[in-house]
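This chain uses plain numbering: 1 for the first residue, then up along the sequence. First listed ligand is number 1; within each ligand, the first listed atom is number 1. Values reported hereafter were calculated over all heavy atoms of this structure, with side chains retained and with hydrogens, waters and symmetry mates removed.
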Amino acid sequence: MKICYVVAMEAEAQPFIARYGMRKVENAFAPLPCQLYEAEVNGHTLHVVLNGQQHQRDLVGCEAAVVATLSAIQRLHPDLVINSGTCGAFRAHGADIAQVYIGNGAMFHDRRVPGDDAWGTQSLGNYAVWDGSAALAQTLGLKMGKVTTGSSLDMQPCDLDLIRQHGGELKDMEGAAVGFVCSLLNVPILYVKSVTDLCDSGTETYEEFSRNLNHACEALKVVNEQVIDYLTAK
Ligand code: ADE
């Protein structure tokens, strides 16, 4: 089995890369900035593709996620894409900092396209997840939630309206973009998301995100190890 992680930030992937002693493949996607790491785990191939950097910072957001996902699938032909990273969540839904969720769907929450239902449906996305996601979540004792994706770390009232209307639980900046590419190329996608901030905590998001990033990424590594064990034991 070939498993490919698509991850936005180095901090999100580093504990995992270190755990598996993954090798960096230099200039794998040059001139694109995406970075490739690889390892063999229990006889299976594991890849991590990072969005890469621009202006000395990790590229976050939908555009970079699309470039990385498309590049990864076209070069590596994975059987499964895993979008792993951090997210915001809601205290009102029982979320905690560094709690790790499995996604049960992904959509965009900041696309407001007037028109008939078909345009609206297309712009919101609503991408399906790998059909083994629920069984995996149950076995590992993880909660599931709907990933909603936008281009900003903060949240405007109109974003919250869409999130509420569609039962969104996990707010990120890449998930639906990765799901979009997977839907076009028919590659199953699993979401593994760790909470850095609570969107309804009243605290400034970037401050909360920065404070909890390392803690959330350590929790993400622990769960991803369980995910890999689960997937490669089959
Ligand atoms: N990544 C981590 N926290 C986030 C948030 N609140 N919104 C979007 N992306 C995030």
For ligand 1, list all ligand N or O to protein N or O distances below 3.5 Å, rounded to 0.1 Å.
residue, atom, partner, partner atom, Å
ligand 1, 3 (N), Gly88, N, 3.2
ligand 1, 3 (N), Thr196, OG1, 3.3
ligand 1, 3 (N), Asp197, OD1, 2.6
ligand 1, 6 (N), Asp197, OD2, 2.7
ligand 1, 7 (N), Leu153, O, 3.4
ligand 1, 7 (N), Lys171, NZ, 2.8

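- When hydrophobic residues (I, L, V, M, F, W, Y) are linked wherever their side-chain heavy atoms come within less than 4.5 Å, the members clustered with Leu198 are Val6, Val66, Leu70, Ile73, Val81, Ile97, Tyr101, Phe108, Tyr127, Val129, Val147, Leu170, Val178, Phe180, Val181, Leu184, Leu185, Val187, Ile189, Tyr191, Val195.
- Grouping Ile, Leu, Val, Met, Phe, Trp and Tyr by side-chain contacts under 4.5 Å, direct or through others, puts Leu162 with Met107, Leu124.
- When side chains are defined from C-beta on, Val49 counts as touching Phe29, because their heavy atoms get closer than 4.5 Å.
- Contacts classified as salt bridge (charged side-chain N to carboxylate O under 4.0 Å, His left out) and involving residues 95-119 (residues at least two apart or in different chains) are given here: Arg112-Asp159.
- Residues Asn51 and Asp58 fail the side-chain proximity criterion, which asks for heavy atoms closer than 4.5 Å.
- Each of Leu220, Asn224, Val7, Val223 was scored for a side-chain contact (heavy atoms from CB on, under 4.5 Å) with Phe16, with one residue passing: Asn224.
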